[in-house]
Number of protein chains: 2
Amino acid sequence: MVQLENVDKVYQTDRIETLALSNVNITIEDGEFVAVMGPSGCGKSTLLNIMGLLDAPSKGQIQFDNNEINGWSDRKLARFRNETVGFIFQSFHLINDLTVFDNVEIPLLYRRMSASERKKRIAEALERVSLISRMKHRPSQLSGGQQQRVAIARAIVGNPKLLLADEPTGNLDSQMGEDIMSILLDLNKNSGASIVMVTHDSRLAENTERVIHLFDGRQVS
Amino acid sequence: MVQLENVDKVYQTDRIETLALSNVNITIEDGEFVAVMGPSGCGKSTLLNIMGLLDAPSKGQIQFDNNEINGWSDRKLARFRNETVGFIFQSFHLINDLTVFDNVEIPLLYRRMSASERKKRIAEALERVSLISRMKHRPSQLSGGQQQRVAIARAIVGNPKLLLADEPTGNLDSQMGEDIMSILLDLNKNSGASIVMVTHDSRLAENTERVIHLFDGRQVS
Ligand SMILES: Nc1ncnc2c1ncn2[C@@H]1O[C@H](COP(=O)(O)OP(=O)(O)OP(=O)(O)O)[C@@H](O)[C@H]1O
Ligand SMILES: Nc1ncnc2c1ncn2[C@@H]1O[C@H](COP(=O)(O)OP(=O)(O)OP(=O)(O)O)[C@@H](O)[C@H]1O
Ligand SMILES: [Mg+2]
Ligand SMILES: [Mg+2]
C-alpha cells in the first residue's frame, strides 16, 4: 500500500534545524492495521503527513499503491490523495464556516455521486459516531470530542483505501474510544482498508497487528 | 474557592436548544484537587468555562474566592480572572503569530514585574514541560503534544490560585502525562493551588481527592 524508503524529513526554523524523521524504512501492506507509538515530538504526525502525501520527504522515496510518486505534479497528487486517503488530523482541521454536514461532505464532492447518495453516506457516517443530532451545528458549537468525531466521520465517509488516524481518540472517554476502535476494525476487516493509527493508548494499540515505535525521528525495536 | 449554586447553561443554535448544564451545585474548597469526568459532550468544558469566569451561567449564582460576582463589569471580571485563574484549554488557544516565549509571557504582562523577572519565570515554566529548546518556535511549528505543553506552561507561569485544566494530557504519551501530573500535584501541595482537572483517564483521576461525574449536563453519583 505505502512504502517509505530511506526517508528523512528536516524542518528549518530561523536557526534551528529539526531532523523530524531520520532514515525511515516502513512498508504498510494492503489491508494491514498498524499502530505508531512514541513520545511527544518524536515524528509520528510527520510520518503520517508523508504517508498521506500531504508533505514531501527531504530525502528518500515513497511508493504508493504500486505507483512511484516522486515527480508527480501537485494536481495529480491531490487527486490521487482524495480518491485513496482518509485522514483524521490530530487537530481536526474542520472548516468553521461550514456546518457539520458540509464538513463531512467534502471528500465526496470529488467523486461522481448524486446529492441524495452523498446525503445517505453522510448520515451513515454521522450515525456511526453518534452525531446525527448535530448535523447543522458549526464546529465551534461542539465539544472537543464532538469535533474529533466529525473529523472521524469525514475521514471514513468516502470508504478510503488508506486511513491515517492521528490520535483519533485523544479527546474521547473510554466508551466512545472503544466505539471508534470498532469502526476502525470494521473498516479494516470488512472493507479491507489499510490503517495507520498514531496513539498514546497501549490498550488501543493491542487491537492492531503490529506497532511501529518511533523515538527522536528514528524507528526503534 | 469557587461555588456554583443551581447553575444552568443553555446554548441556542438556530432551532436547537442545548441544556449543557442543569441544576449544578458544586463547591471547590481552597487547596482542593478535584477531577471531572464524563462522556464526550456532557458539559465538562462548559463547567470549567463558568468556573473560570469565561462564560456566564443562564441561571444560578457563582461565588468566587468569597466574592459574589454576579453583576461585576466585564473589566472587573477580566482583571480578577487574570490575577487568579490559570486555564489549560482543551484546544490550547495559542496565538500563532507569537513565539512560544511570548505566548507563555501573556499572563505575566498583567502584573507588576520586571522584564528580567518575567524572563526567569517563563524559562522555569518551559523547563518544567521540557520545551526550553522550542522557545522561539511558532505554535504551528510544534507537534500537538508540544502545543499542549506550551498551553500548560502558560497556565502555570503566573502561579495561579485556581488552575482549570481541560484534558491537559490528551495529546501526551504516558510518561509525559505523568510528568504533567507531578507538576499539578506540586502546584497543589506546595503552592496551595486549587485545581479542577477534566480528564478521560481514570488513572490520572486516582491522584485527585474526589471525582465529579457529569452526564448529560447533570451531576451523577
Ligand atoms: N457554543 C455552543 N453552541 C451550541 N452548543 C454548544 C456550544 N458549546 C457547547 N455546546 C454543546 O453543549 C454540550 C456540552 O459541551 P461541552 O464542551 O461542555 O462538553 P464536554 O463534556 O467538554 O465534551 P468533550 O469531552 O467532548 O470535550 C455539547 O453537547 C455541545 O454540543
Ligand atoms: N513546521 C515545523 N517547523 C519546525 N519544526 C517542526 C514543524 N513541525 C513539526 N516540527 C518538529 O518536528 C518534530 C516532530 O513533530 P511531530 O508533529 O511529527 O511529532 P509527534 O510525534 O506527532 O508529537 P505529538 O505526540 O506531540 O503529537 C517536533 O520536535 C516538532 O517540534
Ligand atoms: Mg502528533
Ligand atoms: Mg470538553
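Chain letters run A, B, ... following the sequence lines, proteins first and then strands; every chain starts at 1.
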**Report entry** Flag if over 12 foreign heavy atoms under 6.0 Å of CG, B:Asn96
**Finding:** yes
Query - Choice from B:His137, B:Gln175, B:Arg134, B:Met176 maximising heavy atom contacts with chain A below 4.5 Å - result: B:His137
Query raised in the report: Which one of B:Glu167, B:Lys136, B:His200, B:Gln147 has the most heavy-atom pairs closer than 4.5 Å to chain A?
Result: B:His200
Report task. Counting only heavy atoms closer than 4.5 Å, note whether A:Leu142 contacts chain B via side chain, backbone, both or neither. Result -> neither
Query raised in the report: Does atom CZ of B:Arg118 have more than 12 heavy-atom neighbours from other groups under 6.0 Å away?
Result: yes
Query raised in the report: Tell me, side chain or backbone of A:Arg138 under 4.5 Å from chain B's heavy atoms, or both, or neither?
Result: neither
Report task. Working to the nearest 0.5 Å, report the span between CG of B:Asp14 and OG1 of A:Thr99. Result -> 10.0 Å
Query raised in the report: Using a cut-off of under 4.5 Å for heavy-atom pairs, which of A:Lys44, A:Met37, A:Arg149 has the most such pairs with chain B?
Result: A:Arg149
Query raised in the report: Has A:Asn190 got more than 12 heavy atoms of other residues, nucleotides or ligands less than 6.0 Å from its CG?
Result: yes
Query raised in the report: Quick one: OG on A:Ser45 to CG on B:Asn171, what's the gap to the nearest 0.5 Å?
Result: 8.5 Å
Query raised in the report: Do other residues, nucleotides or ligands put more than 12 heavy atoms under 6.0 Å from A:Lys189 NZ?
Result: yes
Query raised in the report: Do other residues, nucleotides or ligands put more than 12 heavy atoms under 6.0 Å from A:Lys119 NZ?
Result: no
Query raised in the report: Is the number of heavy atoms from other residues, nucleotides or ligands under 6.0 Å of A:Arg75 CZ greater than 12?
Result: no
Requested in this report: Give the C-alpha distance, both sets of side-chain angles, the deciding distance and a yes or no for side chain to side chain contact (heavy atoms under 4.5 Å, CB included) between A:Ser40 and B:Ser143.
Outcome: CA-CA 7 Å; A:Ser40 173; B:Ser143 78; 3.8 Å; yes
Query - Proximity breakdown for A:Ser133 and chain B, heavy-atom pairs closer than 4.5 Å - result: backbone
Report summary line: In short, A:Gln141 meets B:Thr13 closest at the heavy-atom pair OE1-CG2, 2.9 Å
Report task. Under 4.5 Å, counting heavy-atom pairs only, tell me which of A:Asp201, A:Thr18, A:Thr46, A:Thr169 racks up the most with chain B. Result -> A:Thr18
